[in-house]
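Counting starts at 1 for both ligands and their atoms, in listed order. These numbers were taken from a predicted model, which means no experiment stands behind them.
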Amino acid sequence: MVSLLFLLITLVSIATSTPTNFIKSSCSTTQYPTLCVESLSVYASKIQQDPHQLVQTALSLSLNRTQTTKAFVRKCKYFKNLKPRVYAAIHDCVEVISDGVDRLGSSLNELKLCKINGQDFNWHISNVETWVSSALTDGSTCSDGFGGKALDGRIKTSIRSRMVDVAKVTSNALALINQYAANH
Ligand SMILES: *[C@@H]1O[C@H](CO)[C@@H](O)[C@H](O)[C@H]1NC(C)=O
């Protein structure tokens with residue numbers, strides 16, 4: 001009985017990774033600290049107390065979520081009986097998200113150069129800051145496009161909520177990047 005309880009406790013503690021103080025304090029400067037802590041704590045053992053690893057994980061998370069959203073929005077194009085302007089709005093949104101995926105992918109590569117090529121840290125990190133912030137701005141353009149009357153009902157709601165989710169994760173990544181740049 002005791003060993004069963006022990007096993008249970010062990011399993012629960014594995015499943016719910018405790019956020020470290022490092023992650024919590026880094027996330028406290030972001031706009032969505034709870035989301036930040038929740039999404040990064042899963043990678044706590046990888047992040048440890050390494051600011052570079054923290055930023056790299058946050059950016060990779062943003063890229064992955066953006067890719068997933070792109071796949072989702074692209075699928076929406078194939079719903080039956082879409083009005084042409086609805087189809088067009090979704091199509092434009094996919095284009096915007098694709099650009100975002102490219103920018104975030106380049107940012108992730110550029111971020112790696114910050115570490116490999118430390119001499120040019122300022123140059124590399126400022127590129128990262130620029131590209132991630134344009135990915136964020138462009139994403140919100142797409143989200144705004146769905147704010148009007150072009151789309152209605154479930155498609156609009158589900159695309160919008162995914163765009164908002166991606167924007168939050170990306171906004172948090174950008175805040176952590178800015179913090180990393182400032183503290184370097
Ligand atoms: C993002 O996806 C890549 C490729 O699937 C994976 O290797 C990486 O661990 C993911 N990043 C995060 C933070 O989950």
Side-chain angles (χ1 to χ4, degrees), residues 11-77 93-118 121 124-140 142-143 158-184:
L11 284 177
V12 167
S13 58
I14 290 171
T16 56
S17 42
T18 12
T20 59
N21 286 334
F22 174 67
I23 292 178
K24 275 196 228 164
S25 69
S26 306
C27 283
S28 68
T29 63
T30 66
Q31 217 177 333
Y32 310 97
T34 311
L35 175 69
C36 179
V37 171
E38 272 172 14
S39 55
L40 290 173
S41 291
V42 185
Y43 308 96
S45 62
K46 199 172 158 196
I47 294 170
Q48 303 275 331
Q49 306 226 19
D50 180 353
H52 182 90
Q53 193 59 51
L54 175 83
V55 169
Q56 193 167 308
T57 306
L59 192 53
S60 165
L61 203 66
S62 157
L63 173 63
N64 289 7
R65 295 266 177 110
T66 309
Q67 277 169 333
T68 311
T69 301
K70 177 182 161 184
F72 173 81
V73 178
R74 190 193 260 157
K75 267 194 217 145
C76 292
K77 272 169 58 173
C93 195
V94 173
E95 298 283 295
V96 166
I97 303 171
S98 288
D99 288 348
V101 167
D102 291 346
R103 289 203 171 96
L104 293 170
S106 309
S107 300
L108 200 54
N109 290 332
E110 192 77 3
L111 184 67
K112 287 173 187 154
L113 295 179
C114 288
K115 200 170 182 181
I116 297 165
N117 189 1
F121 181 91
H124 295 306
I125 201 74
S126 78
N127 287 336
V128 175
E129 290 176 303
T130 308
W131 299 339
V132 174
S133 87
S134 14
L136 189 60
T137 314
D138 292 353
S140 71
C142 171
S143 191
S158 51
I159 292 182
R160 252 204 131 179
S161 73
R162 275 158 205 258
M163 290 306 295
V164 168
D165 175 63
V166 163
K168 285 181 182 171
V169 172
T170 305
S171 150
N172 280 348
L174 183 59
L176 295 174
I177 291 163
N178 291 337
Q179 189 181 323
Y180 177 52
N183 292 340
H184 188 73

Item to complete: Compare every heavy atom of Ala135 with every heavy atom of Arg103, then report the nearest pair and how far apart it is.
Response: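 So the two residues come closest at CD-N, 4.1 Å.
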Worksheet item: Atom CZ in Arg65, atom NZ in Lys168: separation rounded to 0.5 Å?
Response: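 Nearest 0.5 Å value for the CZ-NZ distance: 11.0 Å.
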Worksheet item: Should the ring pair His184 and Phe121 be called parallel, tilted or perpendicular, given that the plane angle runs from 0 to 90° and is split at 30 and 60?
Response: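 Because their plane-to-plane angle is under 30°, the rings of His184 and Phe121 count as parallel.
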Give every pair made of an N or O atom of ligand 1 and a protein N or O atom lying under 3.5 Å apart, one pair per line with both atom names and the distance to 0.1 Å, or write 'none'.
from: ligand 1; atom 1: 2 (O); to: Asn64; atom 2: OD1; distance (Å): 3.1
from: ligand 1; atom 1: 2 (O); to: Asn64; atom 2: ND2; distance (Å): 2.4
from: ligand 1; atom 1: 11 (N); to: Ser60; atom 2: OG; distance (Å): 2.7
from: ligand 1; atom 1: 11 (N); to: Asn64; atom 2: ND2; distance (Å): 3.0
from: ligand 1; atom 1: 14 (O); to: Tyr43; atom 2: OH; distance (Å): 2.7

Worksheet item: Residues in side-chain contact (heavy atoms from CB on, under 4.5 Å) with Lys77, at least two apart?
Response: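 Lys77 satisfies side-chain contact (heavy atoms from CB on, under 4.5 Å) with Tyr87, Ile90, His91, Val94 once adjacent residues are dropped.
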Discussion item. Nearest 0.5 Å, please: how far is OG in Ser26 from CG in Asn21?
Written reply: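 Between Asn21 CG and Ser26 OG, I get 10.0 Å after rounding to 0.5 Å.
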Discussion item. Would Ser60 and Leu108 count as a side-chain contact (heavy atoms from CB on, under 4.5 Å) here? Give the steps.
Written reply: CA-CA 7 Å; Ser60 165; Leu108 200 54; 4.2 Å; yes
